[in-house]
Amino acid sequence: MEAGDRVPADARILETVSLEVDESALTGESVPVTKSTENLPPSTALAERRNMVFQGTVVTRGRGVAVVVATGSATEMGGIADLISSEGNESTPLQQRLEHMGRVLLVVCLAISGFVGLAGFLRGEDPYNMLLTAVSLAVAAIPEGLPAVVTIVLALGVQKMLRKNAVIRRLPAVETLGCATVICSDKTGTLTRNEMTVRAIWSAGRDYQVEGEGLKRGGHITCQDQRVRVKDVPDPSGFCPLEATLLTATLCNNAQLEAKGDSWRVNGDPTEGALLVAAARGGVDINAVTRKWERVAEIPFESERRMMTVDCQAGTVRAVFSKGAPENLLQVCTAWLDEGGNIKYLSELEKKRILKVNETLAGKGMRVLATGFRIFNGQSGNPGELERDLVFTGLMGIIDPPREEVPRAVKTCQNAGIKVVMITGDHALTASAVARETGILSEGKSVVTGEDLESIDDDRLEQGVEGIPVYARVSPAHKLRIVRALKKRGHVVAMTGDGVNDAPALKAADIGVAMGISGTEVSKEASAMVLADDNFATIVSAVSEGRGIYENIRKFARYLLGCNAGEILVMLVATLAGLPLPLLPIHILLVNLVTDGLPAIALGVDPPDPDLMSRPPRNPKEGVFSRGLWKKIINRGTIIGLSTLVAFLESLNQTQDIERARSVALAVLSLAQLLYAFECRSEEKGPFEAGITRNRALLWAVGTSFAALVATLHLPILQVLLHTVPLSMSDWGLAVAAACIGPVWSGLARFIRSDAARAVRPDQRD
Ligand code: ATP
């Protein structure tokens, strides 16, 4: 177990290194409990069992090893599982809004249906027929399919995101992703590959190069083109600076190297793995060194302290080895090791020289770690006393190249009006080198450090937060302040995090994004989305997916409601005008089933518009029907309704055959709706411009619905059942002409609009 893990079973502790566990879920104790390996009597109360860890509790600090004694329902937590409230199914704000709108429409539709039924009855129509008409009209008009299709579309969207490595933990995130205006990203592993390789070592004034490719075995260390090799089991009292540096890197390390073919595999932190590889390349026999030195105590690495220290013993020699961020390590160093192996007083001037070298390495985008040690005899005393009077030995510069796809993903964000902010614990120069390479930091913008943040209050941060693209040397607490400041400025923030201490910031963000590979359990639990590949580009594709899903919901809502409005209008106007009913109840149900359903679902899985990520994010407060969608729905509903009615009357007038006129009306209504489906694919572009064939599912849905319409009208068995007659060529001509009124009308409107726009902006003329 290590900090950030959720304990998976009840277990007896065998080994601890500053192990602290938050047991509040089990015991209600709000302060983390320090664990130990001591023996305790069996009667010890649950909260006092310091030699045990319990399922469901969280490791907040340190490391430990324990042997499992109970799993599942046999654990302490399992025993009280029923008492623990589980999170209910969350419905998204969009679903809630649509449900509310559905209820309003339900009342309106029921009123209209009741009115149509009553009016017909008063006019002397057959009461049974009018009852059926009213009921089928209600069935047709009420958009009962809307919540179902929304749920299907959200579920399919979540699956699609999963295939792209974005695991959605909370459904509302799908929607919120589409409104994200800022993505705050960690650097290491998210923007960079997390393939750490030590390239440079600086020790006692000498520059060393570490040759070798990534985790490939082999490679060596050179100094002025001369190969350098240290003893395979270095001795700190030998006082060779490079040896002391590599020995510290090996001992103050919790990673392990596993030989796999011609490469190494790192188990543990990639930074520490890189240090081991460098030590091996310098000639250190890692196994022999770790066998010789037994670890007595450890102060684990923490992002806040940026240091790690171990206390080790080899025979009679006892020593402390530390590594960490140079600024932090130098604060506890009082001496340095010169070229001749002499321990010298670390003056302020010498410190400045070391920090200058640190800056040079960081300026090349390297993560820099400093090493130091202290040999002493006897007891180390208080662990808090370990990190003092250290002898500085060297700096190690680690490269971690940006992921190839990141600069493009950053550009996509910029085009999509999304700000990308880098937040890292690394040095400001390391951060700015990587930020420049990935396009996050442009000329004229500077990096803000954790120290700068400490010197300003929240109000000042809020005022300046818009202009800051990179934060360096920050701790998790700063992340929370940054999220809050951005949210106060009205931003919708996606924030990444991996450590246990990142959880508050992940929770505070609109979309907390945890790392699937390197993230702790706690960070995953606090987040709304987990990246299975830790990759920044995955966030961007999830944002694009989120935008696409929202647009698709608008598309099919527009389609369903437009169609329903048309159906209601036909029946309402006919009833008000005292005309015979243009459609029988069975026709209404048929239209509802055949033309509404399939194309609506196909619109729900419409491929995203290529321009989707060239538009600014939508306002999270905007309604589903904003940006003129209601107007579009009512306009088209009116056109569909009126053109159906006109064709019905025309046919009735010509043939005096009510069954034929109804069949024509059925054909017009169905065809107009099927044509409308193609128009609903885009709100700005016409159906041809948006690509008629881009949505294969829609082609199939429209084809199937059309075949069903033809069968309804021309199959004798269906004619009997559905009271239809086969249409003649002139009937079909009338139906097609009436169905095309809508598309022709909007085509003309688009043409006039674009012509007007060109007239206003002559510079844009081809
Ligand atoms: P990012 O946000 O880019 O992922 P981070 O915030 O996780 O970075 P940390 O891992 O906290 O960054 O590292 C901050 C600094 O601490 C590094 O620049 C390095 O100098 C030092 N450091 C990192 N890992 C270790 C380690 N295992 N032991 C000692 N020091 C470390």
Side-chain angles (χ1 to χ4, degrees), residues 2-4 63 184-194 196 198 248-255 266 268-276 298-310 321-332 354-355 358-359 361-362 365-372 387 390 394-403 406 421-435 438 440 447 449-450 470-479 482 495-502 505-506 513-515 517-520 523 531 534-536:
E2 57 185 13
R63 302 190 287 116
C184 296
S185 175
D186 283 342
K187 175 181 72 66
T188 313
T190 315
L191 294 165
T192 65
R193 291 191 215 158
N194 216 5
M196 307 260 186
V198 177
T248 307
T250 309
L251 287 172
C252 185
N253 200 312
N254 286 324
V266 174
D269 178 3
T271 302
E272 298 193 338
L275 299 183
L276 288 183
E298 173 189 336
I299 308 178
F301 171 74
E302 272 166 14
S303 298
E304 287 86 351
R305 295 184 333 109
R306 301 191 188 99
M307 267 183 70
M308 169 182 172
T309 297
V310 291
F321 299 95
S322 288
K323 70 178 193 316
E327 306 93 302
N328 297 65
L329 191 103
L330 284 176
Q331 279 175 14
V332 288
I354 297 168
L355 288 175
N358 171 34
E359 282 174 13
L361 295 176
M366 291 187 191
R367 160 173 277 200
V368 188
L369 266 80
T371 51
E387 287 171 350
L390 299 186
L395 298 175
M396 300 178 87
I398 303 172
I399 56 155
D400 177 18
R403 290 176 183 266
V406 164
V421 176
M422 177 198 277
I423 304 183
T424 175
D426 266 332
H427 192 281
L429 290 169
T430 315
S432 67
V434 178
T438 47
I440 294 173
V447 177
T449 62
V470 180
Y471 296 87
R473 284 286 190 241
V474 292
S475 65
H478 293 135
K479 279 189 170 182
I482 297 167
M495 159 81 81
T496 68
D498 46 13
V500 55
N501 300 339
D502 288 336
L506 289 174
V513 183
M515 301 297 133
I517 303 170
S518 60
T520 53
S523 66
L531 304 179
D534 290 11
N535 191 342
F536 174 78

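Counting starts at 1 for both ligands and their atoms, following the listed order. All values below come from the heavy atoms of this structure, side chains included, with hydrogens, waters and symmetry mates left out.
Remark: T188 pairs with T192, N194, M196, R367, D400, D426 by the side chain to side chain contact (heavy atoms under 4.5 Å, CB included) rule, at least two apart or across chains. Scanning for salt bridge (charged side-chain N to carboxylate O under 4.0 Å, His left out) contacts around K479 gives D186, D502, with sequence neighbours left out. For A325, the side chain to side chain contact (heavy atoms under 4.5 Å, CB included) partners two or more places apart in sequence, or in a different chain, are R306, E327, N328, R473.
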request  = Take N254 and E298 through the test side chain to side chain donor-acceptor pair (under 3.5 Å) and record every step on the way to the result.
outcome  = CA-CA 10 Å; N254 286 324; E298 173 189 336; 3.1 Å; yes
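With 3.5 Å as the limit, one finds a donor-acceptor pair spanning the side chains of T309 and S322.
Rounding to the nearest 0.5 angstrom, the gap separating the OG1 atom in T271 from the CE atom in M308 is 12.0 Å.
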Starting from the N and O atoms of ligand 1, find every protein N or O within less than 3.5 Å and list the pair with its distance.
{"from": "ligand 1", "atom 1": "2 (O)", "to": "I423", "atom 2": "O", "distance (Å)": "3.2"}
{"from": "ligand 1", "atom 1": "3 (O)", "to": "K187", "atom 2": "N", "distance (Å)": "3.2"}
{"from": "ligand 1", "atom 1": "3 (O)", "to": "T188", "atom 2": "N", "distance (Å)": "2.8"}
{"from": "ligand 1", "atom 1": "3 (O)", "to": "T188", "atom 2": "OG1", "distance (Å)": "2.8"}
{"from": "ligand 1", "atom 1": "3 (O)", "to": "T424", "atom 2": "OG1", "distance (Å)": "2.8"}
{"from": "ligand 1", "atom 1": "4 (O)", "to": "T188", "atom 2": "N", "distance (Å)": "3.3"}
{"from": "ligand 1", "atom 1": "4 (O)", "to": "T188", "atom 2": "OG1", "distance (Å)": "3.4"}
{"from": "ligand 1", "atom 1": "6 (O)", "to": "G425", "atom 2": "N", "distance (Å)": "2.9"}
{"from": "ligand 1", "atom 1": "8 (O)", "to": "G425", "atom 2": "N", "distance (Å)": "3.4"}
{"from": "ligand 1", "atom 1": "11 (O)", "to": "S303", "atom 2": "OG", "distance (Å)": "3.2"}
{"from": "ligand 1", "atom 1": "12 (O)", "to": "R367", "atom 2": "NH2", "distance (Å)": "3.2"}
{"from": "ligand 1", "atom 1": "13 (O)", "to": "R367", "atom 2": "NH2", "distance (Å)": "3.4"}
{"from": "ligand 1", "atom 1": "18 (O)", "to": "D426", "atom 2": "OD1", "distance (Å)": "2.2"}
{"from": "ligand 1", "atom 1": "18 (O)", "to": "R473", "atom 2": "NH1", "distance (Å)": "3.1"}
{"from": "ligand 1", "atom 1": "20 (O)", "to": "V368", "atom 2": "O", "distance (Å)": "3.0"}
{"from": "ligand 1", "atom 1": "27 (N)", "to": "D269", "atom 2": "OD2", "distance (Å)": "3.2"}
{"from": "ligand 1", "atom 1": "27 (N)", "to": "E272", "atom 2": "OE2", "distance (Å)": "3.0"}
{"from": "ligand 1", "atom 1": "28 (N)", "to": "K323", "atom 2": "NZ", "distance (Å)": "3.1"}

